[in-house]
Amino acid sequence: MHGAPIASAERPAERAAWLRAELERANYAYYVLDQPDLPDAEYDVLFKELQQIETDQPELITPDSPTQRVGGQVATGFQPVTHDVPMLSLNNGFADEDIIAFDKRVADTLGHTPVEYACELKFDGLAISLRYDDGIFVQAATRGDGATGEEVTENVRTIRSIPLKLKGKNVPKRLDVRGEVLMFKRDFEKINARQREAEQREFANPRNAAAGGLRQLDPKMTAQRQLSFFAYGIGMLQGAEMPPSHSSLLDWYKELGLPVNAERGVVQGAEGLLEFFRKTGEQRDGLPYDIDGVVYKVNQRDEQDKLGFVSRAPRFALAHKFPAQEALTQLLAIDVQVGRTGAITPVARLTPVFVGGATVTNATLHNEDEVRRKDIRIGDTVIVRRAGDVIPEVVGAILDRRPDDAREFVMPTECPVCGSKIERLPDEAIARCTGGLICPAQRKQALWHFAQRRALDIDGLGEKIIDQLVDENIVRTPADLFNLGVRQLSELDRFADKSAQNLYDSIEKAKQTTLPRFLYALGIRHVGESTAKDLAKHFGSLDPIMAASVEELLEVNDVGPVVAESLHNFLSEEHNQMVIEQLRAPGKVTWPEGPPAPKAPQGVLAGKTVVLTGTLPTLSREDAKEMLEAAGAKVAGSVSKKTDYVVAGAEAGSKLVKAEELGVPVLDEEGMRKLLEGETP
DNA sequence: GCACCTCGAGGTCT
DNA sequence: CTCGAGGTGC
């Protein structure tokens, strides 16, 4: 212990500071080092003394005081937090070959071998980002979609292994620590024992218990869950030098007092990776927490930077996952479900079986061919697993145990819901109900899609309500939703005045939306969220989209013949036009109109597609793009048969090669200028 | 051939 | 929330 206790009556501020330091030190020894050095009873005495001082003199409370861990303010909801540096996901590998291929790709890019990797465990918990300003814990946020998560600061504050204040002298100005919140197996057992005693439902697995714990509105509840944390990554860093390697980052974290898992190593090449994986597999069951694999990261930071990213995952890291746990069960039946687009999906009904931390009773079989490929018959004993430990999947049948009366799956010829013909186009894998909106199943799905969060976001319009509205023929199209009255709603089953009013208010609120949301909500085939955004951006408002020809639609980013055709068909359909008109009638759905629709591209390069590559001598890429677009050209990112010209500068790479292969004319900057002036280059 | 998008699906927790 | 199949764009 450091320093001598000072009588609290004389110097409460100093005494409080000493108590805080002592309690946090004991926490650190207990939760991070796993070497308790202060008996629980003594901890409690000191803790109570600190609490007493803080009660008497609230001005002495500091945000990093251990008393703040027990949970203060009850939250009403979780605020969104935008991550300054996105929280990425990892690419996965399962087989040895995947790992060898990963190592080869990395070595090829870096141009040397063997590559040095940092290896660590892949915890089965929840990724989280902790912010420290001048060494003080100020904010915690969940991963969310990687770009934006939810603020869970007060809940995370209750996790005892997370330092509220970083140790050492040279703490950075700002640091975002990335890591995993998890629940140890022993804490999971304890919690479930308590649930049993209280005759409450037990949690299915530690991961879900931890996830539920973080989402508690009352931090006191979180504190009871006994969550743990391990740091393994970094987001933003200000006011300190970035450590040169991943392993040195983790060493630094340790110095700062952050919990870093000890089961880590630095290895060379694919052989080293596979050896680490094998060793970890042997230890897995003996570990005090669940892991679902290991993670490999190229160790040197400069090499990581060189490798870069593919979409949302770094190219320098790989998660090597353990094979999913499997279980045997009976296949009771294969039902089919009708999706929004009429897609008929066979679904396996199973005798419930506990596998990979959840009870599985249903599993998708994707399509008819998949059922054949796997040779699954009704009555079979089948192997079930959770793909990526999430999605239930039927792996295959145990042929030895096939009963004589096992029946093959037959794709129905008529829709089980509306009786319309089921059709499967020659080159498609999916069979579809041809009933369209006549089919109640499709109508329900269309309504659900229309109301879902990323579309018009009508809160409270769930599946059950939609079922009633459609079955009783109260609502036929999305437009009908806006004619519902509170009175009418309150007549629905199990719908008291309060919920009727709430739903009515949600519908009112949904009237104010945005063009991309509206387009997406219509549920046009092949038009998802991102295509809807592209369309809105390109045209600015709805009318020109409705009036657009297939050719004009093709000019939109990422819209090809199939999407253009689908859009055009939908918008030419009289019924759809009517619904859209009703939806945007006065007093109904509105959205802020964007800039006036750009005129049909005209200029010397109208309708031409140009690709830029390399560095041009005098123009920046942006400028060149602007000039080309001003002349009516579409500037694409990669070379294809549809490309009319490639403008190549210095250090042009594969795009130039591709252009030459395809015989696409290649211009330099000079040639591009001539082209823009209407000359033939 | 690769990257991306759309679509569909199941289970747990709030 | 997450995954996987299939499809699309280039």
Side-chain angles (χ1 to χ4, degrees), chain A residues 75 77-78 89 92 126-127 142-146 149-150 201-218 221 225 309-313 321 324 335-350 352 354-370 373 384-394 425 427-430 432 445 448-449 452 454 520 523-534 554 556-566 609 611 634 636-643 654-655 658-659 662 664:
Chain A
F78 298 99
S89 49
N92 290 326
L126 301 105
T142 61
R143 196 182 96 87
D145 63 5
E150 285 180 326
R201 254 190 61 201
E202 292 182 42
F203 295 99
N205 57 56
R207 204 201 101 87
N208 284 336
L214 268 195
R215 295 198 48 86
Q216 293 291 331
L217 289 173
D218 182 355
M221 304 294 288
R225 295 273 171 110
F309 301 83
V310 186
S311 123
R312 278 182 283 274
K321 298 241 201 143
D335 291 347
V336 296
Q337 288 184 13
V338 186
R340 170 169 62 88
T341 61
I344 304 285
T345 311
V347 175
R349 306 293 177 201
L350 307 159
F354 192 79
V355 50
T359 306
V360 169
T361 41
N362 309 301
T364 176
L365 294 168
H366 296 295
N367 58 56
E368 201 179 351
D369 292 348
E370 184 88 354
R373 228 176 359 247
V384 173
R385 70 172 171 213
R386 299 221 296 153
D389 275 327
V390 179
I391 307 293
E393 178 187 32
V394 176
L425 297 177
D427 342 316
E428 291 197 347
I430 310 285
R432 293 195 142 85
Q445 297 269 356
W448 184 85
H449 175 83
Q452 69 152 301
R454 285 172 308 183
Y520 175 59
I524 304 166
R525 257 183 88 187
H526 301 125
V527 179
E529 251 183 315
S530 95
T531 309
K533 276 184 196 151
D534 285 340
L554 279 170
V556 181
N557 229 350
D558 286 335
V559 171
V562 178
V563 179
E565 183 88 8
S566 161
T609 302
V611 173
K634 178 182 163 161
S638 62
V639 182
S640 73
K641 280 184 296 188
K642 278 178 62 183
T643 311
S654 61
K655 283 188 248 187
K658 185 91 182 272
L662 292 172
V664 175

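Quick note on labels: first sequence line is chain A, next is B, and so on, each numbered from 1.
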**Student:** Are the side chain of A:Thr359 and the backbone N or O of A:Pro352 linked by a donor-acceptor pair below 3.5 Å?
**Tutor:**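 No, the answer is negative, given that no donor and acceptor are paired below the 3.5 Å cut-off.
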**Student:** What contact category does A:Glu393 fall into here, base, sugar-phosphate, or nothing, at under 4.0 angstrom with non-hydrogen atoms?
**Tutor:**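 Touches nothing.
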**Student:** Enter the distance from A:Glu370:CD to A:Thr364:OG1 here, rounded to the nearest 0.5 Å.
**Tutor:** 8.0 Å
**Student:** Using a heavy-atom cut-off of under 4.0 Å over every strand shown, decide if A:Leu214 touches base, sugar-phosphate, or nothing.
**Tutor:** nothing
**Student:** Between C:dC10, B:dG10, C:dC3, which nucleotide gets closest to the side-chain atoms of A:Asp558?
**Tutor:**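 The nucleotide sitting nearest to the side chain is C:dC10.
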**Student:** Would you say A:Thr364 reaches C:dG4's phosphate, i.e. side-chain N/O to OP1/OP2 under 4.0 Å?
**Tutor:**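 Negative; the distance criterion is not met.
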**Student:** Between A:Phe354 and A:Gly339, just flag the one whose closest nucleotide in DNA chain B comes earlier from the 5' side.
**Tutor:**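 Per heavy-atom nearest nucleotide, the more 5' residue is A:Gly339.
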**Student:** Can you tell me how far P of B:dA9 sits from CZ of A:Arg340, to the nearest Å?
**Tutor:** 11 Å
**Student:** With heavy-atom distances below 4.5 Å as the criterion, would you say the side chains of A:Arg349 and A:Asn362 are in contact?
**Tutor:**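 A side-chain contact under 4.5 Å exists here.
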**Student:** Going by purine N1 to pyrimidine N3 plus the second Watson-Crick contact, or the G-U wobble pair, all under 3.5 Å, which nucleotide sits opposite B:dT12?
**Tutor:**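 With both distances under 3.5 Å required, B:dT12 matches none.
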**Student:** Between A:Thr345 and B:dA9, does any side-chain N or O lie under 4.0 Å from OP1 or OP2?
**Tutor:** yes
**Student:** Whole Å only: how far is the CG atom of A:Leu365 from the C1' atom of B:dA9?
**Tutor:** 11 Å
**Student:** Under 4.0 Å, counting only non-hydrogen atoms across every strand here, what does A:Arg201 touch: a base, just sugar-phosphate, or nothing?
**Tutor:**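 Sugar-phosphate contact only - A:Arg201 comes under 4.0 Å of backbone atoms but never of a base.
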**Student:** Taking the side chain of A:Gln216 as heavy atoms from C-beta outward, which of B:dT14, C:dG6, C:dG9 is closest to it?
**Tutor:** B:dT14
**Student:** What nucleotide among B:dC5, C:dT8, B:dT12 has an atom nearest to a side-chain atom of A:Val563?
**Tutor:** C:dT8
**Student:** The side chain of A:Thr359 lies closest to which of these nucleotides: C:dT2, B:dT12, C:dG7?
**Tutor:** B:dT12
**Student:** Return no unless some side-chain N or O of A:His366 is found under 4.0 Å from OP1 or OP2 of C:dG6.
**Tutor:** no
**Student:** Can you figure out which of C:dG9, C:dG7, B:dG11 approaches the side chain of A:Ala429 most closely?
**Tutor:**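 Per side-chain heavy atoms of A:Ala429, the pick is C:dG7.
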**Student:** Rounded to the nearest Å, what distance is computed from the CG atom of residue A:Leu126 to the P atom of nucleotide C:dC1?
**Tutor:**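 One finds 11 Å between P of C:dC1 and CG of A:Leu126, rounded.
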**Student:** What is the distance from atom CD of A:Glu368 to atom OG1 of A:Thr345, rounded to the nearest 0.5 Å?
**Tutor:** 12.0 Å
**Student:** 5'-most contact on DNA chain C: A:Asn92 or A:Glu428, nearest heavy atom basis?
**Tutor:** A:Asn92
**Student:** Less than 4.0 angstrom between a side-chain N/O of A:Arg225 and OP1 or OP2 of B:dT14, yes or no?
**Tutor:** yes
**Student:** Whole angstroms only, please: what is the CG-C1' distance between A:Asp335 and B:dG8?
**Tutor:** 16 Å
**Student:** Nearest-Å distance, CG (A:Asn208) to C1' (B:dG11)?
**Tutor:**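 Roughly 8 Å, once rounded to whole Å.
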**Student:** If you compare every side-chain N and O of A:Gln445 against the phosphate oxygens of B:dC7 (OP1, OP2), does one of them come in below 4.0 Å?
**Tutor:** no
**Student:** Using atom CD1 of A:Ile344 as one end and atom P of C:dG6 as the other, report the distance to the nearest whole Å.
**Tutor:**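 To the nearest whole Å, that distance equals 16 Å.
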**Student:** Quick check: do A:Val559 and A:Thr531 have side-chain heavy atoms less than 4.5 Å from each other?
**Tutor:**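 The answer is yes; the side chains approach within 4.5 Å.
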**Student:** With a cut-off of less than 4.0 Å, is there a side-chain N or O of A:Thr531 near OP1 or OP2 of B:dT6?
**Tutor:** yes
**Student:** Report yes if a side-chain nitrogen or oxygen of A:Thr361 is closer than 4.0 Å to either non-bridging phosphate oxygen (OP1 or OP2) of B:dG10; otherwise report no.
**Tutor:** no
**Student:** Can you identify which nucleotide, out of C:dC3, B:dC13, B:dC5, has its nearest atom closest to the A:Ser530 side chain?
**Tutor:**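 Minimum distance to the A:Ser530 side chain belongs to B:dC5.
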**Student:** Rounded to whole Å, please give me the gap between CZ in A:Arg215 and P in C:dC1.
**Tutor:**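 So the CZ-P distance, A:Arg215 to C:dC1, works out to 8 Å.
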**Student:** Round to a whole Å and report the spacing from CG of A:Asn205 to P of C:dC1.
**Tutor:**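 Between P of C:dC1 and CG of A:Asn205: 17 Å.
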**Student:** Just N and O in the side chain of A:Thr341: are any of them under 4.0 Å from OP1 or OP2 of B:dG8?
**Tutor:** yes
**Student:** Any idea which of B:dT14, B:dG11, B:dC13 is nearest the A:Ala204 side chain?
**Tutor:**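 In terms of side-chain proximity for A:Ala204, the closest of B:dT14, B:dG11, B:dC13 is B:dC13.
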**Student:** Scan A:Arg525 against the nucleic acid and name what it touches under 4.0 Å (heavy atoms): base, sugar-phosphate only, or nothing.
**Tutor:**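 Touches sugar-phosphate only.
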**Student:** Could you check whether A:Ala358 gets within reach of a base, just the sugar-phosphate, or nothing at all, counting any heavy atom under 4.0 Å?
**Tutor:** sugar-phosphate
**Student:** Just so I know, are the side chains of A:Glu565 and A:His526 near enough to count as touching, which here means a heavy-atom distance under 4.5 Å?
**Tutor:** no
**Student:** Determine whether A:Thr142 and A:Leu126 make a side-chain contact, defined as any pair of heavy atoms from C-beta on separated by less than 4.5 Å.
**Tutor:** no
**Student:** When you measure from the side chain of A:Pro561, which nucleotide among B:dG8, C:dG9, C:dA5 comes out closest?
**Tutor:**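 Per side-chain heavy atoms of A:Pro561, the pick is C:dG9.
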